[in-house]
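Both ligands and their constituent atoms are indexed starting at 1 by order of listing.
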Amino acid sequence: MSKTVKKFVCEKCGQEHLQWSGRCTACGTWNSLVEESKVASPKGRQTSWLGERAPISKLGEIDSSSMGERWQTGVAEFDRVIGGGVLPGSFGLLGGTPGVGKSTLILQLMARIASLGKEVLYISGEESAGQIKERANRLAVDQSQIQVLCESNLEEILGHLERERPQFVVVDSIQTLFSVEFPASPGSVTQVRESAALLMRFAKAKGAAVMLIGHVTKDGTIAGPKTLEHMVDYVLYLEGVGEPGRLLRSVKNRFGNLSEIGLFKMTPKGLAELANPNQLFLEQFHWGKPGMAIFANFEGSRTLFMEVQVLVGDTEQRQPARMAVGLERNRLQVMVAVMEKHLGLDLSGNDVYLNLAGGFRVGETAIDMAVVAALLSSHLNKPLPERSVFAGELALTGEFRVVPGLEERASEAERCGFTKFYLPQRALARLEKKGVRLEMVGIDTLDQLMRQVAETL
Ligand code: TYD
Ligand code: MG
């Protein structure tokens, strides 16, 4: 006999509730609870490895080399982000908006892993074998060793895995899978979580590497995000930047460096690595226009130049707009407040819009100086000097603070033909000693930056 248990799950955070309510008590989202009745089966699944008992061992006696060597795909931009290659037994997630190129990237990577002599299996719940074949033809990858399974029924998939025991499994996408044991529809939190849980057990029990592909919803989250992010060993996101650029970012990695990023370019023949991405971005900058400043972003081991655009406009509204795309709005509000206080500026009659060109998103506080410079440039209607670049964090006291990686930022700026680097004064002497040849302008306070912008012709 099986017993039906009624429960409600938050579609946003995955929190379970015994009763329906208008608002999720865990994440505070309104109208996000959906009923999901779960059939609790006393028998459980019939797959044999699910019943296997894991032995208890002493930590000191465990041979960590049993995890095996990482499989290097040879696609350097990917290998670096994932921490040196795909680790056998790892369970991860590759997310991105529909159409960004997840299926393309993974097919290219699978061909590489197959060429290492690994058994790879591509499970698609979205496309037919014919469509996958079309894509493989277009990418001109070696198709001989890639096995394909077009299936979305979880029980069927588990059966295949049990029989075939592939070493590298990709599920495209996790949102298409469904288990007949749950009445919820594919893509719902219950289905996503249950499918992922069983695939994880397969990965851990059999030492296979399993990678889930997940679609990101409009607000930037993968369905059932919290539950999935907790379960997996790594989360990679593929994002579009400076079309046709693509940025691969790791937001969680149990076995690797977190801040590494990889850069690609979408071409008619799939994703190509971008060894020199700044070349692509530099061509797109709008030099000589008021309200734009270039920020030298430094993440992982990469310096990337990004165009910060700010528009300061008059408004009659009592509540002027403060909008930001690519940067947290709160940060912009804080910067405006600090500028009002320390420069005696009155922006209460002005809307302020910020946009990070090309679809970049930045969390690094080093962007502050570029934001302030772009804002002042728009406000005073004075363009900043061409080929100049900024990096520095704004403190609430109105001073600029030193940020990490200034030397790396300076040397990449030099290499890319920038002529001026605005940075906190305190770092200047150290950089000069290191032999930075670029003209450096030390800026300690908002006042000094304001004077620089005002004097620019
Ligand atoms: P796809 O990998 O299907 O995206 P996702 O799996 O993330 O939804 O790629 C979709 C887009 O990429 C599609 O609009 C066509 C384009 N594309 C190319 O430009 N070149 C290629 O070689 C391929 C395969 C796709
Ligand atoms: Mg796809």
Side-chain angles (χ1 to χ4, degrees), residues 73-75 77-78 81-82 86 92-114 120-144 146-152 154 157 168-178 186-187 191-192 195-196 199 210-225 228 232 234-251 261-274 277 280 284 358-361:
T73 63
V75 179
E77 295 296 300
F78 170 81
V81 174
I82 201 165
V86 177
L93 179 67
L94 169 65
T97 49
V100 74
K102 301 180 293 298
S103 304
T104 305
L105 177 64
I106 206 63
L107 203 55
Q108 291 179 279
L109 296 173
M110 292 192 88
R112 300 290 194 111
I113 292 180
V120 305
L121 175 63
Y122 180 69
I123 302 173
S124 178
E126 283 182 1
E127 291 164 312
S128 66
Q131 287 171 310
I132 299 164
K133 171 90 187 159
E134 279 281 301
R135 183 181 289 119
N137 285 345
R138 188 169 168 184
L139 301 175
V141 292
D142 178 6
Q143 308 172 12
S144 58
I146 303 178
Q147 303 194 68
V148 174
L149 171 65
C150 295
E151 181 62 78
S152 50
L154 182 67
I157 290 173
F168 182 45
V169 182
V170 171
V171 177
D172 190 1
S173 67
I174 184 68
Q175 277 107 339
T176 57
L177 295 200
F178 71 95
Q191 290 287 13
V192 166
S195 308
L199 290 165
V210 175
M211 195 188 290
L212 308 178
I213 293 188
H215 290 297
V216 172
T217 54
K218 260 181 277 155
D219 59 356
T221 50
I222 295 176
L228 275 192
V232 295
Y234 60 85
V235 181
L236 310 180
Y237 276 101
L238 188 65
E239 304 165 8
V241 290
E243 197 55 38
R246 298 287 186 274
L247 190 148
L248 186 70
R249 185 196 296 279
S250 84
V251 296
I261 52 175
L263 283 141
F264 299 89
K265 181 169 122 179
M266 184 58 98
T267 72
K269 284 187 155 187
L271 285 158
E273 296 182 69
L274 265 185
L280 177 72
Q284 301 170 355
F360 283 105
R361 286 187 295 120

For this session: State whether the shortest distance between N or O atoms of Arg135 and N or O atoms of ligand 1 falls below 3.5 angstrom.
Result: yes

For this session: Determine whether any heavy atom of Gly96 lies closer than 4.0 Å to an atom of ligand 1.
Result: no

Exercise. Any N/O of Glu127 closer than 3.5 Å to an N/O of ligand 1?
Worked result: no

For this session: State if Leu271 counts as touching ligand 1 under the rule of any non-hydrogen atom under 4.0 Å.
Result: no

Exercise. Of the protein's non-hydrogen atoms, which lies at the shortest distance from atom 22 (O) of ligand 1, and what is that distance?
Worked result: Gly270 N, 2.7 Å

For this session: Assess Thr104: does it contribute an N, O or S atom lying under 2.8 Å from the Mg ion (ligand 2)?
Result: no

For this session: Around atom 1 (P) of ligand 1, find the nearest protein heavy atom and jot down its residue, atom name and distance.
Result: Thr104 OG1, 3.5 Å

Exercise. What protein heavy atom sits nearest atom 11 (C) of ligand 1, and how far off is it?
Worked result: Gly99 O, 3.5 Å

For this session: Compute the shortest N/O to N/O distance between Leu139 and ligand 1 and return yes if it is under 3.5 Å, no if not.
Result: no

Exercise. Any nitrogen or oxygen of Met266, main chain or side chain, under 3.5 Å from a nitrogen or oxygen of ligand 1?
Worked result: no

Problem set entry | Shortest protein contact, atom 15 (C) of ligand 1 (heavy atom only) | Arg138 NH1, 4.4 Å

Problem set entry | atom 13 (C) of ligand 1 within contact range, any protein heavy atom under 4.0 Å | no

